[in-house]
Amino acid sequence: MLSIYQKLTKIFENTLKESLEINQKNNLYNKLSLNLITQSSREDLGDYQSNICMILSKIYEKNPHQIAEEFISLIEKNKNIFKICSSLDIAGPGFINIKLSENILLEELIKNTKCPRNGISLVDKENKKIVIDFSSPNIAKEMHVGHLRSTIIGDSLARVFEIRGYEVIRLNHVGDWGTQFGMLITHLKDVYPEALESRANINIGDLVEFYKASKKRFDNEEEFQKKARAEVVRLQKGDPSSISAWRILCSESRKEFNSIYSTLNIQINERGESFYNPYLESVVKELELKNISVEDQGAKCVFLDGMSNKEGDKLPLIIQKKDGGFNYATTDLAALKYRFSEPPNGDGAGRIIYVTDQGQSNHFAGVFQVAKKAKWIPENCSVEHVPFGLVQGIDGKKLKTREGETIKLKDLLKESVKRAKKDLINRISEEQRTENDNFIANTSNVIGIGSVKYADLSQNRITNYQFSFDKMLAMNGNTAPYILYSLVRISGIKRKIKNARKEEINEKIYFNEDSEWNLIKKLLRFDEVIMSIEKDLMPNRLCNYLFELCQIFNRFYDQLPILKAEPKTMNSRMVLCTLTEKTLRLSLYLLGIETLERM
RNA sequence: GGGGCUGUAGCUCAGCAGGAUAGAGCAACGGUUUCCUAAACCGUAGGUCGUGGGUUCAAAUCCCUCCAGUCCCGCCA
């Protein structure tokens with residue numbers, strides 16, 4: 001419905017211009033023309049509204065109600081308005097309530113049923129490349145709920161951009177480089193010396209245990225620590241045996257990650273920190289040459305504006321440690337520069353998005369500030385940090401197992417599917433249905449995984465959120481099962497209609513009932529929601545929309561017969577079912593959630 | 001000490017490019033099934049939007065004060 005909104009806005013803009021001219025206040029146009037029309041806050045009164053007359057009241061020194069009357073008569077000089085609106089009413093102190101005409105709503109409805117993107121317009125920009133940096137687990141460490149949030153939010157944002165026609169580069173900025181590899185490689189060489197020569201596919205088992213073991217040695221054995229430090233240097237110099245050990249560790253981890261990505265149905269390209277290694281030195285050099293960095297206590301730092309430490313001194317961003325090593329700030333700067341640079345030595349991105357937890361806000365603010373100083377962010381390009389809050393247990397504390405250990409993502413997903421399966425089996429026996437194993441496995445998998453994703457995405461990402469299987473798997477409320485169930489209801493109707501009368505679904509549709517019109521209007525809001533996500537990067541708005549759409553659909557379903565309605569009415573209602581189905585499917589696709597025919 | 005984020009119904013949260021009566025879900029209470037999956041729908045009850053100020057015709061929303069919680073602040077990421 002954005003196209004209608006734009007037409008409407010145009011008409012109001014012209015009218016405003018005219019009104020300002022009459023009152024000799026032309027100079028205020030730019031300021032006043034922002035947000036001329038908004039969604040109605042009272043849907044019973046109109047579809048859109050304009051509050052401009054209350055603002056003009058002060059300027060014209062006139063009663064807003066009177067201004068509204070004059071404003072409307074100016075609008076009505078443009079006969080196009082009658083094609084769009086059925087009424088323009090003045091209410092309250094001076095609101096203009098805009099009701100759209102049924103014809104234009106029906107036109108839009110038919111347009112959307114034919115549009116594969118459901119009315120979402122394609123982006124019209126020169127640089128369509130967007131880098132999304134998300135997921136980013138660490139080698140030899142287990143993925144946990146923190147990675148889950150990044151992975152799910154990043155994937156959903158990527159899907160939204162893709163459907164808009166952007167070229168999305170999904171980057172997995174894996175922690176595959178750095179000091180921790182010293183101890184890991186040293187430990188590997190000690191425990192599995194044969195791995196390096198035979199190149200046999202060594203199974204080093206639980207990588208987390210492996211990590212813990214090497215960390216323990218690093219903390220306790222002096223000799224080991226020395227060897228580990230030397231190993232880091234060897235690795236960074238490209239020593240073949242170190243590199244080969246490093247490759248083994250990475251590929252073991254990769255197996256783990258990929259199995260989770262496959263469970264979650266996530267597409268992502270691995271481009272770890274190591275990728276930027278060749279660029280680190282030049283980044284540091286350039287910052288030195290541009291006099292942006294200085295040496296302090298042996299380390300090369302950039303002192304940041306607007307941030308200070310406990311002593312009140314400016315906070316540094318360290319780009320080279322006193323031992324000559326580089327750290328994550330250096331890597332992030334190199335990555336940022338590379339991503340904005342033109343190919344072949346860069347991605348040529350127009351927008352870079354980092355999906356990481358809120359704890360890194362300061363770090364990114366620092367990195368962005370330095371990049372700006374170094375002029376690495378080209379004109380008309382933008383870089384954003386998309387932070388998210390912690391995942392907490394029901395007790396409000398960081399999610400942990402009973403033993404106080406971090407919960408493995410793998411286990412968490414398994415648990416969700418297991419619970420979904422238990423619920424399903426209960427229901428099947430209660431309803432005295434018979435279903436085969438295949439159905440049970442697939443259904444519980446879609447519900448289990450979908451519920452975890454939906455619970456996460458439906459939350460405003462900024463806030464911490466309480467992880468609860470009971471809530472996310474509930475049939476009621478803003479949950480995946482509720483949404484999936486609405487879709488199942490439509491599938492049920494479609495199955496029945498095949499067996500029932502075969503009516504032509506033509507375009508001669510008509511609607512008389514409120515619950516039909518409410519559904520139509522909600523359906524047509526879809527593109528507005530998508531555009532708002534593109535701008536503000538808040539996938540929870542799509543969930544919110546989905547939930548409201550399902551509520552409105554379920555009311556419609558409850559109140560009006562479809563299959564038992566007379567043929568013409570049935571056809572019209574089926575059009576609504578079909579578009580609802582399409583909207584639900586597309587929305588769930590954009591959230592990365594699979595759908596079901598029955599459940 | 002500096003900075004980020006959060007504080008809305010008993011609980012979990014929406015709403016925060018200012019707008020008309022602050023919304024859901026859960027929990028509580030009451031109702032609806034000859035009908036397309038009742039995993040639904042309808043209704044009742046529940047709120048000085050942390051505090052105090054300011055801007056405005058209009059503030060949960062913007063600005064400032066304070067209070068509470070949480071995260072980050074030199075060579076980990």
State whether the aromatic ring of Phe547(A) stacks on the base of rA24(B), taking stacking to mean ring centres under 5.5 Å apart and ring planes under 30° to each other.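 Here Phe547(A) fails the 5.5 Å or the 30° condition.
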Tell me if the aromatic rings of Tyr328(A) and Phe326(A) count as close, with their centers under 6.0 Å from one another.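 Between Tyr328(A) and Phe326(A), the centre distance exceeds or equals 6.0 Å.
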Is Arg555(A) touching bases, backbone alone, or none of the nucleic acid, heavy atoms closer than 4.0 Å?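 The residue Arg555(A) makes sugar-phosphate contact but no base contact.
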List for me each residue that meets side chain to side chain donor-acceptor pair (under 3.5 Å) alongside Asp357(A), sequence neighbours excluded, and say none if there are none.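 Side chain to side chain donor-acceptor pair (under 3.5 Å) list for Asp357(A), sorted by chain: Gln360(A).
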Would you please say whether a donor-acceptor pair under 3.5 Å links the side chains of Asn478(A) and Tyr454(A)?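 Asn478(A) vs Tyr454(A): donor-acceptor pair found between side chains.
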Is there any salt bridge (charged side-chain N to carboxylate O under 4.0 Å, His left out) pair reaching into residues 37-56 of chain A, and which pairs are they, with sequence neighbours excluded?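 Every pair satisfying salt bridge (charged side-chain N to carboxylate O under 4.0 Å, His left out) with a residue in residues 37-56 of chain A: Arg42(A)-Asp44(A), Asp47(A)-Lys521(A).
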Tell me, which pairs form a salt bridge (charged side-chain N to carboxylate O under 4.0 Å, His left out) where one or both residues lie in residues 53-66 of chain A, sequence neighbours left out?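 Of all non-adjacent pairs touching residues 53-66 of chain A, those that pass salt bridge (charged side-chain N to carboxylate O under 4.0 Å, His left out) are Lys62(A)-Glu70(A).
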Taking donor-acceptor contacts at under 3.5 Å, does the side chain of Arg598(A) reach the base of rU37(B)?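 No such pair is found, so the answer is no.
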Does Gln551(A) make a side-chain donor-acceptor contact with the base of rA24(B), cut-off 3.5 Å?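 Absent.
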For RNA chain B, stems built from three or more consecutive Watson-Crick or G-U wobble pairs below 3.5 Å: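 As far as RNA chain B goes, consecutive pairing (with distances under 3.5 Å) yields the stems B:1-7 with B:67-73, B:10-13 with B:23-26, B:28-32 with B:40-44, B:52-54 with B:62-64.
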How would you label the glycosidic angle of rA45(B): syn (within 90° of 0) or anti?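 Classified anti.
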Step-by-step side-chain hydrogen bond (donor to acceptor under 3.5 Å, both in side chains) determination, Ser41(A) to Gln49(A): CA-CA 8 Å; Ser41(A) 59; Gln49(A) 69 183 69; 3.2 Å; yes
Summarise protein proximity over nucleotides 71-77 of chain B in one line of letters, 5' to 3': B for base, S for sugar-phosphate only, - for none, counting protein heavy atoms closer than 4.0 Å. SBBBBSB
Taking only nitrogen or oxygen atoms into account, show me every contact under 3.5 Å that the protein makes with nucleotides 61-64 of chain B, one pair per line with its distance.
none

Whole-angstrom distance between rA9(B) and rA45(B), as gauged at atom C1':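 That atom pair is separated by 11 Å.
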